[in-house]
Amino acid sequence: MPLLYSSSFLLYRPPSTAPTTNRHFPPQRPATCPSSSLRRRLASERKTLLPPLPLRSAGVFRHPNLQCSLSSSVSMSAEEEPTSTSQRGEQLQSGFLYSRAFWVSESIIAWNVDVGNGSCYLFASKTAALSCSSDGILGEDIKVKLEEDKHGLPENVKEKFPYIKDYRAFNVPPDLDAKPLLKCQLAVATFDANGRCSDATGLQLPGILDELFSYNGPLGALYSEESVSLYLWAPTAREVCVCIYKEPLGGGNPLEVVQLEEVNGVWSTKGPKSWEGCYYVYEVSVYHPSTLKIEKCYANDPYARGLSSDGRRTLLVNLDSDDIKPEGWDKLADEKPDINTFSDISIYELHIRDFSANDQTVHSEFCGGYLAFTLQDSAGAFHLKKLSNAGITHVHLLPAYQFAGVDDEKENWKSVDFKILEKFAPDSDEQQALITAIQNDDGYNWGYNPVLWGVPKGSYASNANGTYRAIEFRKMVQALNRYGLRVVLDAVYNHLSESGPYSVNSVLDKIVPGYYLRRNTDGFIENSTCVNNTASEHFMVERLIVDDLLHWAVDYKVDGFRFDLMGHIMRRTMVKAKDALCSLTKERDGVDGSSIYIYGEGWDFGEVANNGRGINASQSNLRGTGIGSFNDRIRDAILGGSPFGHPLQQGFVTGLLLQPNGHDHGPESVAKHMLAESKDHIQVGMAANLRDFVLTDCEGKEVKGAEVLTYGGTPVAYTLSPTETINYVSAHDNETLFDIVALKTSMEISLEERCRINHLATSVIALGQGIPFFHAGDELLRSKSLDRDSYNSGDWFNRLDFTYSSNNWGVGLPPKEKNEHSWPLMKPRLADPSFKPQKSHILAAVENFSNLLRIRYSSPLFRLRTANAIQERVRFHNTGPSLVPGVIVMSIEDGHEGMPGLSQLDPIFSYIVVIINACPTEVSFASPPLRSRTLQLHPVQVTSTDEIVKSSTYDGSSGCFTVPPRTTSVFVEPRRV
């Protein structure tokens, strides 16, 4: 054990040089909350330590959150000049509500204002007393003249702040000591040639803070044998104290209140070893731009590693202590399931509470929590082992850090008796009414509203106080690894739950106000993720993200990270994170970092779209990084439409052209072309979405993947390697696969046919190149009773049944807020008993899913490691204008030992043909290149209980395949012994 241990001892160390899209949204996509952020509403009312400030007149003060729609400048032309000097002063005063100027470096302030023959000044007030009157700016302690630089902003500033690249540059006098000014209220103002103030505004400071205060030393708590040291980065703070408490809860006086000392923006203190196990809160005195006041903020440590159950105090916990390690923890790296290459990964997405909240085989005290994963004989554990044996390699856990929306103190939860809900009709609105009445006070939320990234969520622990959450999280990881499954954490670094100086769940915005959260050109917080966007383009935000990832990888031995709304994070940050994780070693860190895989949502929208804040981690920008991103193209082509379009729009497997559902898809010729284009999109996706993969499109042209376009004109393909695409057809967002199939397919088809369509869609994902991703329950025909956004719909609508007795279909109309507009479509389906699967259907679905995984892992040809290997070996037949509609034919070729040409990868099979028949009828397809082979149905399908797939045939003399309706058949050519 080293002498010193820090909660952030694995600090990101930048390179020696200084720091220096793309989701297709269909036209009908709303411009508000995107994709997964639709469910990111804060699930509980915001609590406050202090009441909000009273609203004053607009001329004196108004909370900026109420000013988001204002975009007009306070500067006035001669025609707009107010009729009285008092009106003019009030208009200028309102300029302080905005921060439209940017102190981008020690020597430059950027502002989009024309001084003309006038002048510009910087003002600072130590007591936040700045005000405007007809006589100009009052209350300043310092007034500094700024000179406009006619050359404009330098290139390095334009690169760091591309959205203000056309602003004017004002030079700060070189002899000005800027550091103490950054603790003051700051403003800039312009004056006309007659000395009258014409414009005034506050300043945004991230640029100068990065230049003067970027820091790579220790942060958080540092433990030695004799002492506990605390470090906090807060360069704009005027004073910082730490309050030490013995107990996690209660309003009593602290044991100690210690004032921290500052050195170049970092505040620190050293306390006795007896502090370990105590709780602490920072008291930060700092100017806050949202209130225009010096505020005394009470905040947790941004590098917190433990919390009290009410989330208001940080626990001083040394995670390197043997007392917090399960038996065998330090050797877990040697026990982890093997992963030879990232191409071998397959991912199963699971919510921690969903896994066991309704599992009768789990002890009630463990239900819905970390420890449920440690029970070897539960129904859920049995199911996970089954999936692991079939081939699943990674379990992706939805957010498990400290998030808002669920009280960590379980005794405060409310619930509804399921026996009452079970009495209502399957299409009733009574269930959702009772669930939504208590949804902000129950134990359920997906967790996409982060408070502190570095602490496990307390509601999943048996006791949210003390070290229980750390110990139990480690036991969960250990148990999953021993099931043969690696663990992926959902990382939500793109936004925070709350901001401002008063909210209990505000942390970073209390420590360095205006720095951690991304702001628009008026100075208000960007909310395109739905709330409080973070700014990874700022050095210390990026550092916090990288440090946090290293913490989870080392302290909790996590095997991968899924980045929520990754496109809102800078590409540079993602690459640095990947490199930092990869540098971890078993010898030094107890972790093999080279086996940690990262991926995320590369959607390109909001203020970061088109590299608006720098090169962001969008789909198109990530090519060549080895970082995966979700492939929405293949999802939309398989199912039809998009999550933002009409719910009845059909796709490749749901009946487009082949079995219409009554929705107007246009004339038959249009539907036929849509089906053919969908097929092209799927084929590109099955070739790992490679930009340069060459195939013949539906018009008979030989094109690259990047030349195949979506309906909006965006390239379908965007990757350079197979591990850069996450192919999926369903996830926690939007309807489950079973539910979307139930909506989009014709109401006249049978339940058995819907089950086959469910399996057909999954087979496209399971048998393509790239990394397959499955939502928990895809294999169980899981239903959420058609809920399209179940983030806060409680256990009732999110139930998983690993005894395979029910898929949860028909448990009432889903919650009104997100679903009411579709209730007329849902009611007849939910009311129809023929839509509900029986246990036999679920068991068959589980077997079919497991068989797909066994087929995938039966040959390395399904998991090719390079773009070149895919281009050389993968071919698509049934292409061009004469194609058979609704049929995909893919072949994968291997070489032969000792023969020229392709190298041999598979010792068992030399050739594979996958045929996906989405038609409601049997099809036959003949291909001359596939004649005279010794192909036979895959042994897994031969021995399956699916009698339909067994009727698939191949005739070598004609190269003709016959495949049953709605079936994926796999033919293999065994090597001659």
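The basis for the numbers below is simple: all heavy atoms, side chains too, and nothing from hydrogens, waters or symmetry mates.
With D509 contributing its side chain and G514 its backbone, the two residues share a donor-acceptor pair below 3.5 Å. A distance-only check finds no donor-acceptor pair linking the side chain of S227 to the backbone of S224 [under 3.5 Å]. At distances below 3.5 Å, at least one donor-acceptor pair connects side-chain atoms of E211 with backbone N or O atoms of E106. With hydrogens and angles disregarded, no donor-acceptor distance shorter than 3.5 Å links the side chain of K145 to the backbone of P173. Checking side-chain atoms of N527 against main-chain N and O of I525 turns up a donor-acceptor pair under 3.5 Å. Not a single donor-acceptor pair under 3.5 Å links the side chain of T573 to the backbone N or O of I569. For N621 (side chain) and N616 (main-chain N/O), a donor-acceptor pair under 3.5 Å exists by modelled atom type. Using a distance-only test at 3.5 Å, with no hydrogens or angles considered, no donor-acceptor pair links the side chain of Q259 to the main chain of T269. A donor-acceptor pair is defined here as one N or O able to donate and one able to accept, closer than 3.5 Å; such a pair exists between the side chain of S583 and the backbone of A580. Without hydrogens or angle criteria, Y280 side chain to D301 main chain gives no donor-acceptor distance under 3.5 Å.
Cation-pi contact between K179 and F213: present, with separation from the ring centre below 6.0 Å and deviation from the ring axis of at most 45°.
Using a cut-off of 4.0 Å between Lys/Arg side-chain N and Asp/Glu carboxylate O, R100 and D522 are scored as salt-bridged. Residues K158 and D166 are not paired through a salt bridge, judged by the lack of any N-O separation under 4.0 Å between the basic side chain and the carboxylate. Between R519 and E526 there is no salt bridge, since no side-chain nitrogen of the basic residue lies less than 4.0 Å from a carboxylate oxygen of the acidic one. Contact check on E537 versus R572 returns no salt bridge, with no Lys/Arg side-chain nitrogen under 4.0 Å from an Asp/Glu carboxylate oxygen. Between K143 and E140, no side-chain nitrogen of the basic residue sits less than 4.0 Å from a carboxylate oxygen of the acidic one, so the salt-bridge criterion is not met. Taking a cutoff of 4.0 Å between a charged side-chain nitrogen and a carboxylate oxygen, R168 and E148 qualify as a salt bridge. Residues R613 and E607 are not paired through a salt bridge, judged by the lack of any N-O separation under 4.0 Å between the basic side chain and the carboxylate. A salt bridge links K183 with E262: at least one charged nitrogen is closer than 4.0 Å to a carboxylate oxygen.
To the nearest 0.5 angstrom, Y502 atom OH is 3.5 Å from E295 atom CD. Separation of atoms CG (D555) and CG (L550) is listed at 10.0 Å; rounding is to 0.5 Å. Within the model, atoms CG of N216 and CE of M540 stand 7.5 Å from one another, a figure rounded to the nearest 0.5 Å. Note that the OH atom of Y401 and the CG atom of L489 stand 10.0 Å from one another [nearest 0.5 Å]. Taking NZ of K293 as the reference point, atom OG1 of T127 lies at 12.5 Å (rounded to 0.5 Å). Here the SG atom belonging to C120 is positioned 9.5 Å from the CD atom belonging to E147, to the nearest 0.5 angstrom.
Ring centroid separation for the pair W453 and Y493 comes in under the 6.0 Å cut-off. Taking the six-membered ring for Trp, H538 and Y515 have ring centres closer than 6.0 Å. In this structure, the ring of Y98 has its center less than 6.0 angstrom from the ring center of F524. In summary, the aromatic rings of H551 and Y556 are positioned with their centroids under 6.0 Å apart.
Ring orientation note: the planes of F561 and F563 are tilted relative to one another, at an angle of 30° to 60°. Using the six-membered ring where Trp is involved, F191 and F123 have ring planes that are tilted, between 30° and 60° apart. Using the six-membered ring where Trp is involved, Y163 and F102 have ring planes that are perpendicular, over 60° apart on the 30 and 60° scheme.
Residues meeting the ring pair (Phe, Tyr, Trp, His ring centres under 6.0 Å) test with W103, sequence neighbours left out: none.
Contact annotation: the side chain of L622 approaches that of T625 to within less than 4.5 Å [non-hydrogen atoms, C-beta and beyond]. In this structure, the side chains of N533 and H568 come closer than 4.5 Å at one or more pairs of heavy atoms. Side-chain contact between V228 and P272 is absent, with no heavy atoms from C-beta onward closer than 4.5 Å. Side-chain contact between L182 and L209: present, with at least one pair of heavy atoms (C-beta onward) separated by less than 4.5 Å. The closest side-chain heavy-atom distance from V281 to V242 is not below 4.5 Å. Residues N494 and E601 are not in side-chain contact: their nearest non-hydrogen atoms beyond the backbone lie 4.5 Å or more apart. Contact annotation: the side chain of E239 approaches that of C241 to within less than 4.5 Å [non-hydrogen atoms, C-beta and beyond]. Two residues are said to be in side-chain contact when any heavy atoms from C-beta on lie closer than 4.5 Å; P513 and V286 meet this criterion.
Heavy atoms of other residues, nucleotides or ligands lying less than 6.0 angstrom from CG of L212 number more than 12.
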Quiz item: Do F170 and V188 pass the side-chain contact (heavy atoms from CB on, under 4.5 Å) test, and can you show the C-alpha distance, the side-chain angles, and the key distance before you say yes or no?
Solution: CA-CA 10 Å; F170 294 88; V188 287; over 6 Å; no
Quiz item: Could you walk me through whether T521 and N112 pass the side-chain contact (heavy atoms from CB on, under 4.5 Å) check?
Solution: CA-CA 10 Å; T521 52; N112 192 27; over 6 Å; no
Self-check item: Step-by-step ring-ring contact (aromatic ring centres under 6.0 Å, His included) determination, Y448 to H495
Solution: CA-CA 9 Å; Y448 289 93; H495 71 275; 8.0 Å; no
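Side chains of S497 and N532: no donor on one and acceptor on the other come within 3.5 Å. Side-chain contact check for D547 and Y303: at least one donor-acceptor pair (N or O, by modelled atom type) lies under 3.5 Å. Judged purely by distance below 3.5 Å, without hydrogens or angles, the side chains of S198 and T190 pair a donor atom with an acceptor atom.
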